[in-house]
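From a predicted model like this one, the values you see are computed outputs, not experimental measurements. Residue numbers begin at 1 in each chain, while the letters A, B, ... track the order of the sequences. When reading the values below, keep in mind they use all heavy atoms of this one structure, side chains included, and skip hydrogens, waters and symmetry mates.
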Amino acid sequence: MQDGERLRRRACLLVSGVVLAWAGPAGAMAEELVEGELPTESAAPVFLVTEVVVGEGVAVDKDAARDVLANRFGRLKDKIEVRSLAEVKSSLDRAAMAQMLGSTESDGDLAKIGEYVAVDHIVFGRIAQVAGVTEVQVKIFNTKDGVTEAGYSRRLKAGAPPQLVLTLLDTLADNLLAFAIDAYTDAVPDAQFLALKNKKLTPRAATVAASPWSMLGVVGGAVTGAGVGAGALGGYVLATGQGDQTMGLVLAGAGAGAALVGTGLVVADGLTE
Amino acid sequence: MSALAVAFATLPLSGSACLSLLGDDEREQCEQVCAKEAACDLRGEAACVASLCDAEGFKVVDADGDAHDLAALDANQCEQDAEDCAELALCACPDACARVDECTGDPDATCVNTCETLIEQAPAAAFQENRCKMESACADVPACS
């Protein structure tokens, strides 16, 4: 029994070593593992992005769904170490891994996966459809503590474009990322964001004030012009004695009145500036 | 006379407002939004104009379904009022979250906080993605990632 346990332990260490060697930068560490030492706490937490289980009737490719999660987590590669299932599958029994992820979410099985591939956290998801409504779930499992430490879900309304499932997966992955940033990194904004803080902007250009003439002034000017024109025409009719004298009187009076009102509007515009 | 002046002062009758009714000024406002984003190196001016503006001003997307008028985005005003580029970058979150909520039919109360956290970590990529979401027809939102 003890020999069997020792063999299992060696096999596990060998597998871990192969995985870490594949990861490249951790090659030296992998060498140590093959010699029989267990991995110590690394600076950056290691997240394994596994499969997204897609239920029947959901018009989403499971590989596309998995890539959404993996790409999202890849954005934080400077702060956390991210591995995809494709990376570790080469050194593990693919069928067994797929079966474990697809058939169960039990904490025991997830912890076992974490142990096999030497990761701190496992990210996984599930998409299911019931009565036209699609539900998307994502979770992070902590392999050290053996618990699901964060989980989020959202629904896509019936009749919505089916490809929006991927958008929901994006937003849920963002929730997990924000959780990971808060829980496992210093959460300090990136240098690029800090540089943006130092880039000051000119306040909103006062386009409204830039115009010397407000609408009131424009209307007042037009009314004044029309009034002067009408008054002049009326005056001409009265002075020359040609045409309808009453009409000339009305035109002259109305023109003078309009000119006065228009001038008043221009003055009011000046007061309101 | 002073009462008249006060009454007139409360009316939105500026010359620019009149022009905007004709569509001229709205296009200028749209270009100003893009100029600020470009000044902050968050999105190229040409790409922004192509996505946000049309000949008359701001685009309207989803014209066949529920019209989504980009002139109504709070982010435009927020970006104009931003005092620094970090503040401008964060302007994208509320409208992007609202757009996803609208398209999926499932509101997420944590979205804005999450969005701000991620913009702090990768400003340009996250800003462009969020701007894309709010400027897209629902069917095109998944292509923003």
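- Heavy atoms of A:V188 lying under 4.5 Å from chain B belong exclusively to its backbone.
- No salt bridge links A:K79 with B:E120; every basic N to acidic carboxylate O contact stays at or beyond 4.0 Å.
- Residue B:N113: no heavy atom, backbone or side chain, is found under 4.5 Å from chain A.
- Contact annotation for B:A125: neither backbone nor side-chain heavy atoms come within less than 4.5 Å of a heavy atom of chain A.
- Atom NZ of residue A:K199 and atom CG of residue B:D41 lie 3.5 Å apart, to the nearest 0.5 angstrom.
- Interface residue A:L156: backbone and side-chain heavy atoms are both found under 4.5 Å from chain B.
- When every heavy atom of A:Q163 is checked against every heavy atom of B:A139, the shortest pair comes out as NE2-O, 3.1 Å.
- Note that CD of B:Q80 is 10.5 Å distant from OG1 of A:T202, once rounded to the nearest 0.5 Å.
- The two residues A:K157 and B:E102 make their nearest non-hydrogen contact at NZ-O, 3.3 Å.
- Counted within 6.0 Å of NZ on B:K59, heavy atoms from surrounding residues, nucleotides or ligands total more than 12; the atom is thus considered enclosed.
- Of the atoms belonging to A:R154, heavy atoms from both backbone and side chain fall under 4.5 Å from chain B.
- Counting non-hydrogen atoms of other residues, nucleotides and ligands closer than 6.0 Å to CZ of A:R155 gives a total of 12 or fewer.
- Minimum heavy-atom separation, B:I119 to A:F193: O-CD1, 3.8 Å.
- One distance of note links NZ of B:K36 with CG of A:L201; it measures 5.0 Å at 0.5 Å rounding.
- For A:L76, the part sitting under 4.5 Å from any heavy atom of chain B is the side chain, from C-beta outward, and nothing else.
- From A:D170, atom CG reaches atom OG of B:S145 across 3.0 Å, with rounding to the nearest 0.5 Å.
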Checking A:L196 against B:L42 for the side chain to side chain contact (heavy atoms under 4.5 Å, CB included) test, could you report, in this order, the C-alpha distance in whole Å, the side-chain angles of both residues, the deciding distance, and whether it holds? CA-CA 9 Å; A:L196 290 177; B:L42 287 169; 4.0 Å; yes
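- No part of B:D140 comes within reach of chain A, as not one of its non-hydrogen atoms sits under 4.5 angstrom from that chain.
- Heavy atoms of B:E129 lying under 4.5 Å from chain A belong exclusively to its side chain.
- Summarising the geometry, atom SG belonging to B:C85 is positioned 10.0 Å from atom CG belonging to A:N198; distances are rounded to the nearest 0.5 Å.
- Closest approach of A:L164 to B:C103, counting heavy atoms only: CD1-O, 3.6 Å.
- When all heavy atoms of A:K197 and B:D84 are compared, the pair lying nearest together is O-CB, 3.5 Å.
- For B:C40, the parts lying under 4.5 angstrom from a heavy atom of chain A are both the backbone and the side chain.
- Rounded to the nearest 0.5 angstrom, A:D182 CG and B:T117 OG1 are separated by 5.5 Å.
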